[in-house]
Amino acid sequence: MSIHIQAEKGEIAPVVLLPGDPLRAKFVADTYLEEVLCYNRVRGMYGFTGIHQGVRVSVQGSGMGMPSMAIYVNELIQSYDVRCIIRIGSCGALQEEVEVHDLVFAMTASTDSVMNLERFPLGFTYSPAPTYTLLERAIQAAREEQLRYHVGSVLSTDSFYHDNSDLWKQWARFGTLAVEMETYQLYTLAAKFNIETLSILTVSDSLLTRKELNSEERQIGLQNMFDVVFSIIRS
Ligand SMILES: Nc1nc2c(nc(Br)n2[C@@H]2O[C@H](CO)[C@@H](O)[C@H]2O)c(=O)[nH]1
């Protein structure tokens with residue numbers, strides 16, 4: 001067991017899907033996995049392991065934001081030898097062509113987080129990236145399924161509510177596709193421990209149009225993301 005995950009060694013698969021919402025982890029397990037084991041209920045941050053078409057995979061909630069997500073990622077890697085973590089998250093669009101329901105594959109991330117300052121002193125900015133082969137397979141799956149997708153940078157912010165409500169516009173001016181709260185630190189930790197990673201995001205709101213998916217639309221909209229990620233798992 002680790003401090004925040006009550007699983008026994010071996011109960012977590014080498015490949016872990018990581019949604020922020022633990023109820024999304026339960027939905028994925030209930031919908032896509034067989035022979036399901038619920039290995040974690042601590043703090044309601046559910047984790048499940050099961051079989052998807054012969055492939056053993058786990059799905060673990062991470063919570064919102066990099067501090068919470070980093071706790072689970074550190075423990076998954078260091079206590080349970082996880083070798084690949086794919087974030088299946090949601091994001092807010094920052095560009096007109098990025099529409100609600102679209103998919104975003106994060107090629108890199110910017111951040112306002114200070115978590116990396118202990119690793120890289122001020123003035124030494126670290127630019128994290130995903131595993132190219134996972135990104136390539138995600139793009140191939142999206143093309144085969146004829147899904148709308150975008151590949152580019154995202155902004156991983158520590159705050160959902162900013163005093164300066166126009167802050168995101170500067171990031172948008174430099175081409176940032178979407179805003180979320182986890183990818184920057186996920187990619188940093190994957191690089192630190194030399195494991196594979198990718199963030200696959202469903203656009204559930206737009207900061208430009210103020211459109212957002214209701215809870216039912218979010219559920220349906222996530223189908224495309226699940227199709228892509230399980231295509232990667234099977235390949
Ligand atoms: N900061 C921020 N996070 C967002 C937004 N839209 C979405 Br979905 N998110 C993600 O959803 C959660 C907040 O609702 C966090 O985990 C973020 O990754 C947004 O407009 N802003």
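Everything numeric in this text was worked out from a predicted model, so none of it was measured. One-based numbering, in listed order, for ligands and for the atoms of each.
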For this session: Please verify whether a non-hydrogen atom of Ser204 lies at under 4.0 Å from ligand 1.
Result: yes
Exercise. Using 30° and 60° as the class limits, which term best fits the ring planes of Tyr184 and Tyr126: parallel, tilted or perpendicular?
Worked result: perpendicular
Problem set entry | Verdict with supporting geometry, Glu145 and Asn224, side chain to side chain contact (heavy atoms under 4.5 Å, CB included) | CA-CA 9 Å; Glu145 308 257 340; Asn224 292 341; over 6 Å; no
Problem set entry | Those atoms of ligand 1 less than 4.0 Å from some heavy atom in Leu207 | 20 (O)
Problem set entry | Polar contact flag for Asp205 and ligand 1 (N/O pairs, less than 3.5 Å) | yes
Problem set entry | Any Arg87 heavy atom less than 4.0 Å from ligand 1 | yes
Problem set entry | Ser159 heavy atom under 4.0 Å from ligand 1 | yes
Exercise. Which ligand 1 atoms, with their elements, are less than 4.0 angstrom from a heavy-atom of Ser90?
Worked result: 8 (Br), 10 (C), 18 (O)
For this session: Before signing off on this row, confirm whether Met64 and ligand 1 have an N or O atom pair separated by under 3.5 Å.
Result: no
For this session: Could you tell me whether Arg143 atom CZ has more than 12 heavy atoms of other residues or ligands within 6.0 Å of it?
Result: no
Exercise. Hey, what do you get for CG (Asn74) to NE2 (His4), rounding to the nearest 0.5 Å?
Worked result: 10.5 Å
For this session: Give a yes or no on whether a salt bridge exists between Lys9 and Asp81, defined as a side-chain N under 4.0 angstrom from a carboxylate O.
Result: yes
Seminar exercise, completed: One finds that the ligand 1 atoms under 4.0 Å from a non-hydrogen atom of Thr157 are 1 (N)
Exercise. Heavy atoms only: which of Glu212, Met181, Glu182, Glu180 is nearest to atom 16 (O) of ligand 1?
Worked result: Glu182
Problem set entry | Numbered atoms and elements of ligand 1 in range of Phe160, under 4.0 angstrom, heavy atoms | 1 (N), 2 (C), 3 (N), 4 (C), 5 (C), 13 (C), 14 (O), 19 (C), 21 (N)
Problem set entry | SB check Glu180 Arg87 (cutoff 4.0 Å) | yes
Problem set entry | Rounded distance [0.5 Å steps], OG in Ser231 versus CD1 in Ile233 | 9.5 Å
For this session: State if Cys91 counts as touching ligand 1 under the rule of any non-hydrogen atom under 4.0 Å.
Result: yes
Exercise. Hey, is Glu196 close enough to Arg83 for a salt bridge, meaning N to O under 4.0 Å?
Worked result: no
